Amino acid sequence: MKDCIFCKIAAGEIPCSKIYEDDAFLAFHDIAPQAPLHFLLIPKRHIRNIMEIEGGDDALLGALLYKAQALAVELGCGEKGARFVVNCKADGGQTVDHLHIHVLGGRPLAWPPG
Ligand code: AMP
């Protein structure tokens, strides 16, 4: 989608620190990491947020979550774990309107968020 920064990253128009890519997904390091490991996994298809998911998207979402888990393990979080976060709209703290999972690991993370 025009004017979406993550669509531009997925299209290769804006550079990123790429971790993984296939036809459907792209993973890259967050530009402002909040933990020793902090990456984002996005579907290449523009979906604004998790509220806009539809019934036909269940396979895509399952694959997205499974890929996030696989990458977290590959990047060293298998034993100690990680946090998988999906922010949504204003109250959820979403700042980029393209669905993404944050994966944060490499240090203990507090709960609940502020
Ligand atoms: P959210 O606040 O959940 O929408 O998360 C958006 C995330 O995207 C933030 O953690 C930003 O640091 C990150 N971000 C924004 N622009 C870029 C970029 N060009 N490359 C990598 N991460 C980005």
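All values derive from a computational prediction rather than experimental measurement.
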[atom1] of [X] to [atom2] of [Y]: how many Å apart, nearest 0.5 Å?
X	Y	atom1	atom2	answer
Lys44	Ile42	NZ	CD1	8.5 Å
His46	Asp3	NE2	CG	10.0 Å
Met1	Cys7	CE	SG	7.5 Å
Ile101	Phe25	CD1	CZ	8.5 Å
Leu75	Leu37	CG	CG	5.5 Å

List the atom of [X], the atom of [Y], and the distance in Å for their closest heavy-atom pair.
X	Y	result
Phe39	Ala27	CD1-CB, 4.2 Å
Gly106	Cys77	N-SG, 4.4 Å
Ile47	Pro43	CD1-CG, 4.4 Å
Arg107	Pro36	CG-CD, 3.7 Å

Are [X] and [Y] near enough that their ring centres are under 6.0 Å apart?
X	Y	value
His100	His98	no
His38	His29	no
Phe6	Phe28	yes

Check: Asn49 and Asp97 side chains under 4.5 Å, non-hydrogen atoms: no
Student check: side-chain heavy atoms of Leu41 and Ile19 closer than 4.5 Å: no
Joint cluster assignment, [X] & [Y], ILVMFWY side-chain distance < 4.5 Å:
X	Y	result
Leu61	Val96	no
Val73	Val103	no
Leu26	Leu60	no

Verdict with supporting geometry, Arg45 and Asp23, salt bridge (charged side-chain N to carboxylate O under 4.0 Å, His left out): CA-CA 10 Å; Arg45 194 181 110 212; Asp23 288 347; over 6 Å; no
Within 45° cone and under 6.0 Å: Lys67 NZ/CZ vs Tyr20 ring: yes
